[in-house]
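Note that these values count all heavy atoms, side chains included, but never hydrogens, waters or copies made by symmetry. On a predicted model such as this, the values are computed, not experimentally measured, just so you know.
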Amino acid sequence: MNPITVTVTGRLGDDPRTFTTRDGTDGVELRLAVDLPSRTAGGEGITRWVKVAAFGLLASRTAESVRKGDRVTVLADDLMAEAWAATGSGEPRARVTLRAREIAASMAFDSLRTGFAARKAARAAAANGEAND
């Protein structure tokens, strides 16, 4: 069991950014706006930006499925902290990147068709020697 498990829900700030790793693996990066409630009564909440990375089939399916503004939930089992100095000002910057294990669209805000039922029916038809139209 992995000792790190992080679940975040938020809206995509941009369309997914796809890339390919040096070893040819598909990858996707998401910028996720996570709204946090105020810690004081009557205070304003804040938005934290979280970078999410996914690889392989999860990356390609995510890139095909979600767009800027979509609400998603990410289950991550790894994280990486990065720190650097801003170009020009030299001001310190930092961020945490989550490595996603699962990415799901929120059904509270949109509908989704996965295509699973159609793929299952096509596999069953092929196994029975039926034509695949």
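With Trp49 as the aromatic partner, Arg31 meets the cation-pi criteria of under 6.0 angstrom to the ring centre and within 45 degrees of the ring axis.
Nearest heavy atom pair, residue Ala86 against residue Arg93, reads CB-NE, 3.8 Å. Taking both residues in full, the closest heavy atoms of Ala59 and Ala54 are given as CB-O, 3.3 Å, listed atom of the first, atom of the second, then distance. Smallest separation of non-hydrogen atoms from Pro16 and Arg67: CD-NH1, 3.7 Å. Counting all heavy atoms, side chain and backbone alike, Glu102 lies closest to Leu58 at N-CD2, 4.0 Å. The shortest non-hydrogen separation linking Ala85 to Gly90 is CB-O, 3.7 Å.
In terms of hydrophobic clustering, with Ile, Leu, Val, Met, Phe, Trp and Tyr side chains grouped at heavy-atom distances under 4.5 Å, Leu12 and Val34 are assigned to a common cluster. Leu30 and Phe55 are members of different hydrophobic clusters when ILVMFWY side chains are connected at heavy-atom separations under 4.5 Å.
Two residues are said to be in side-chain contact when any heavy atoms from C-beta on lie closer than 4.5 Å; Thr97 and Val52 fail this criterion. In this structure the side chain of Val72 never reaches within 4.5 angstrom of the side chain of Thr9, judged on heavy atoms. Residues Glu91 and Trp84 have side chains not in contact (no heavy-atom distance under 4.5 Å, counting atoms from C-beta outward). Looking only at side-chain heavy atoms (C-beta outward), Val96 and Met80 stay at 4.5 Å or farther from each other. Between Thr73 and Thr7, some side-chain heavy-atom pair lies under the 4.5 Å cut-off. Here the side chains of Thr20 and Thr25 are not in contact, with every heavy-atom distance at 4.5 Å or above.
Annotation for Arg95: atom CZ counts as buried by contact number, over 12 foreign heavy atoms lying within 6.0 Å. No more than 12 heavy-atom neighbours from other residues, nucleotides or ligands sit within 6.0 angstrom of CD on Glu44.
Checking side-chain atoms of Ser60 against main-chain N and O of Leu57 turns up a donor-acceptor pair under 3.5 Å. When atom types are taken as modelled, the side chain of Asp70 and the backbone of Val66 share no donor-acceptor pair closer than 3.5 angstrom.
Distance check, rounded to the nearest 0.5 Å: OG1 of Thr5 to CG of Leu75 gives 6.5 Å. Taken from CG in Asp14 to CG in Leu32, the straight-line distance is 11.0 Å, to the nearest 0.5 Å. Separating the CD atom in Glu64 from the OG1 atom in Thr18 is a distance of 10.5 Å, to the nearest 0.5 Å.
Between Thr47 and Asp35, the side chains place a donor N or O and an acceptor N or O closer than 3.5 Å (distance only, hydrogens not considered).
Among residues two or more places apart in sequence or in another chain, the side-chain hydrogen bond (donor to acceptor under 3.5 Å, both in side chains) test is passed with Arg71 by none.
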